[in-house]
Amino acid sequence: MSSLASSTRSVVRFGRTPRITRHLRKDRRTQLPIPHVPILTREFAPCRFQDHYHTTLADNAMYMTYIHEPGPRPPPRQIRLTYDPNDPYTKNRYNPPVGGSQLGKKPPPPSRPDNVVRLEKISIHSMQKEALASKSNLLGLIMALRTITGESYKAGGRHTAEGIQIVRGKKSVGGWIRPGVPVGVKVDLKGQAMYDFLGTLVEFVLPRLRDFQGVPLPPQSSSVNSPSAVSGVVSFGLPPAAMGLFPQIEVNLDAYPKQYGMHIHFVTNATGDRLICIMI
Amino acid sequence: MLARNVLTSCRRQQAVAFPLSRSLATEVSSDPSSSAAVPPIRTKRLPRPQITAAVILNRAPIITPTPTLFERAYYAYQARIRRALHNPFPLDFYFKQGSLLETKFNMEEKKRERRAFGPKFKTEDEFVSKEKAAADKAAADQLALQEGEAEPLMPRVHEADGNRDYHSLDRKGKRNIYLLLQTKVDGKDIWRFPQGGVEKGELLHQAAQRDLYAECGENMDTWIVSRNPVGVYKEAPLDTSTPEPNPEKITFFYKAHIMAGQAKPNPATISDFAWLTKQEIETRVEKDYWEGVKDILSDF
């Protein structure tokens, strides 16, 4: 097949510029033509870690989290009285749900091929205390995170790409924080950018990190209903020294005013007690 | 008061509508007529089934799959769009002005742009004297040599593939391969996964681990994925002519990964071993066995 293609025309080489047959409006400021269709960028290279997940890890995750259920689940037990919908007097009355935190109380959904545990996104955030004095102290951090993750606002024409976002204070704590003051930055990674970041992290940073103790899991003694036990999120932090180990930053570490630490959250789709740490 | 009355009436109705019941996994049918009609005949009880734990020892792919023609075209197109739309690269942030690294980067970037947008792209933008261009190229080549960039990459096809070396763990790098053993059963050579019996009081996954080491030697580092079996295979009864009923033979499969080492099967019982892909396994094992295991094996 490939020999046939190479004899006719290469699939990866640039052919020729398409002739523009339609009048394109021009940007008033830049005088550049505006395409009449939104142009999006998608995956531009095969992703090794994604392939690894699909060929190896997905099977393992399914085997490790599978819970056998012999039949369909019985309907949930109604522990609170409900108004009779057949009675015209109480027909449309609101049945208030059971109160209290339902966190971790509901059983996890039945194991199906479509809800095998997978990595949904990686969320990175970092707080910079000096930003309270002057918000320009955040610039170095923003630049470092942009370099590490490669994310920027509406990158590749995607309106969902939010890039590096500024985190502002919410509460007023005397001598520490005030509402509305920019104090940190965060970035959410999905898809290929997420796997690229994961690859950099596990191949360049973690092996070279001094006294890295591994990713901590919540202790066995912690409550099974605590948010950390049921949310399917694995979190850990990197010390400021780890920033210099990212190869994107290593090349010109002197260009950054200082080194920054960060918190990293691996958000999986696991719910209930099916928390699993997929470290590759 | 009225609402309370209504609610109690609701409760009463509900209690009638949904009688308290528990659904059990195994329900005992309590039909008195049938048990009364047929007196219990004392037949010979079937012997206890023979339970075996087998391990599907897997070597995960070690190289990425080769992209198809369509994938290559798609990736090239997307990379071109990305290159056309990307934000300007901050050269002065990453490189010192006029440094060797900057020269090298610029030369490589030009090459990449020509590859993406055709040979005529940006040919007449800036004029560099011939001597300077030659000196730059020599310096960049020198730098590349120092960093060992000229070293050839490993081939994607290992020599074990050419030699048909089924014992090698390096064969079929793009595929999942599985360990199969060849043994003699009733004077017939058969291929099967590593397996063994379960001792009394032993858990199934522990038996699987022990049997794997007993058959394939301690010279490897393995990890059994889960405590639950991933598949089950019931052997078809060999002959039903004998009056003595044969015990049922049930094999539970466990998935395991090999991390390091190599299988060294005991030559007394195992005549040969092979690391095989799913398609190769089909040609070697019995048809009945294949029907039992084919859904456990990976197509990739």
Side-chain angles (χ1 to χ4, degrees), chain A residues 1-2 4-5 10-17 39-48 50-52 54-75 77-78 81-87 89-90 93 143 146-147 152 155-157 248 251-252 255, chain B residues 2-3 6-11 13-14 18 21-23 25-26 58 60-61 63-87 93-96 101 114-119 121 174-176 225-230 254-255 257 298 300:
Chain A
M1 185 131 176
S2 61
L4 176 82
S10 165
V11 292
V12 295
R13 271 231 317 274
F14 183 74
R16 74 179 94 80
T17 325
I39 297 178
L40 287 184
T41 60
R42 298 179 192 279
E43 289 81 14
F44 61 97
C47 188
R48 192 159 65 87
Q50 200 166 14
D51 285 339
H52 179 61
H54 285 299
T55 54
T56 309
L57 291 184
D59 288 4
N60 293 353
M62 184 182 74
Y63 292 143
M64 289 166 81
T65 57
Y66 181 76
I67 297 166
H68 184 68
E69 293 179 27
R73 286 187 179 180
R77 195 165 60 96
Q78 292 294 332
L81 305 177
T82 50
Y83 292 110
D84 183 7
N86 297 324
D87 186 347
Y89 186 68
T90 57
R93 280 203 189 160
M143 194 62 202
R146 280 186 68 150
T147 315
S152 59
Q248 304 98 314
V251 289
N252 61 341
Chain B
L2 179 69
V6 170
L7 278 181
T8 31
S9 72
C10 274
R11 177 160 44 179
Q13 277 180 4
Q14 240 184 7
F18 306 107
S21 67
R22 269 180 69 196
S23 62
T26 51
N58 163 273
I63 54 176
T64 50
T66 312
T68 60
L69 196 65
F70 174 74
E71 280 172 333
R72 283 199 298 133
Y74 178 83
Y75 288 142
Y77 176 63
Q78 291 298 338
R80 195 173 301 138
I81 292 183
R82 213 177 166 84
R83 182 164 281 282
L85 294 184
H86 74 78
N87 287 338
F93 181 74
Y94 282 101
F95 299 110
K96 250 180 224 148
L101 274 175
R114 297 259 165 83
R115 201 181 305 140
F117 302 124
F121 186 74
K174 297 172 219 165
R175 298 286 311 271
N176 277 295
V225 170
S226 74
R227 292 185 177 195
N228 305 327
V230 301
Y254 278 84
K255 189 185 174 186
H257 281 288
S298 170
F300 300 113

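All values below were derived from every heavy atom in this structure, side-chain atoms included, with hydrogens, water molecules and symmetry-related copies excluded. Every value quoted in this text rests on a predicted model; they were computed, and no experiment measured them.
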Quiz item: Under a 4.5 Å heavy-atom cut-off, does chain A meet the side chain of Arg115(B), its backbone, both or neither?
Solution: backbone
Quiz item: What part of His86(B) lies closer than 4.5 angstrom to a heavy atom of chain A: side chain, backbone, both or neither?
Solution: neither
For [X], which atoms come within 4.5 Å of any heavy atom of chain B: side chain, backbone, both, or neither?
X: Met143(A); result: side chain
X: His54(A); result: backbone
X: Arg13(A); result: backbone
X: Ala255(A); result: both
X: Gln50(A); result: neither

Practice problem: Go through the steps to decide whether His68(A) and Asn228(B) satisfy the test side-chain hydrogen bond (donor to acceptor under 3.5 Å, both in side chains), and finish with yes or no. | Solution: CA-CA 10 Å; His68(A) 184 68; Asn228(B) 305 327; over 6 Å; no
Could you pull out the closest heavy-atom pair between [X] and [Y], with the gap in Å?
X: Lys255(B); Y: Thr56(A); result: NZ-O, 4.2 Å
X: Ser298(B); Y: Arg175(B); result: O-NH2, 4.1 Å
X: Met64(A); Y: Val225(B); result: CG-O, 3.5 Å

Main-chain N/O of [Y] paired to [X] side chain as donor or acceptor, under 3.5 Å:
X: Asn58(B); Y: Asn176(B); value: no
X: Thr90(A); Y: Arg93(A); value: no
X: Thr64(B); Y: Arg48(A); value: no

Quiz item: Looking at Phe300(B), Phe95(B), Tyr94(B), which has the largest count of heavy-atom pairs under 4.5 Å with chain A?
Solution: Tyr94(B)
Quiz item: Under a 4.5 Å heavy-atom cutoff, which of Pro67(B), Ala60(B), Ala116(B), Pro119(B) has the most pairs with chain A?
Solution: Ala116(B)
Quiz prompt | Largest heavy-atom contact set with chain B, pairs under 4.5 Å, which of Thr147(A), Leu40(A), Val251(A), Val12(A) | solution = Val12(A)
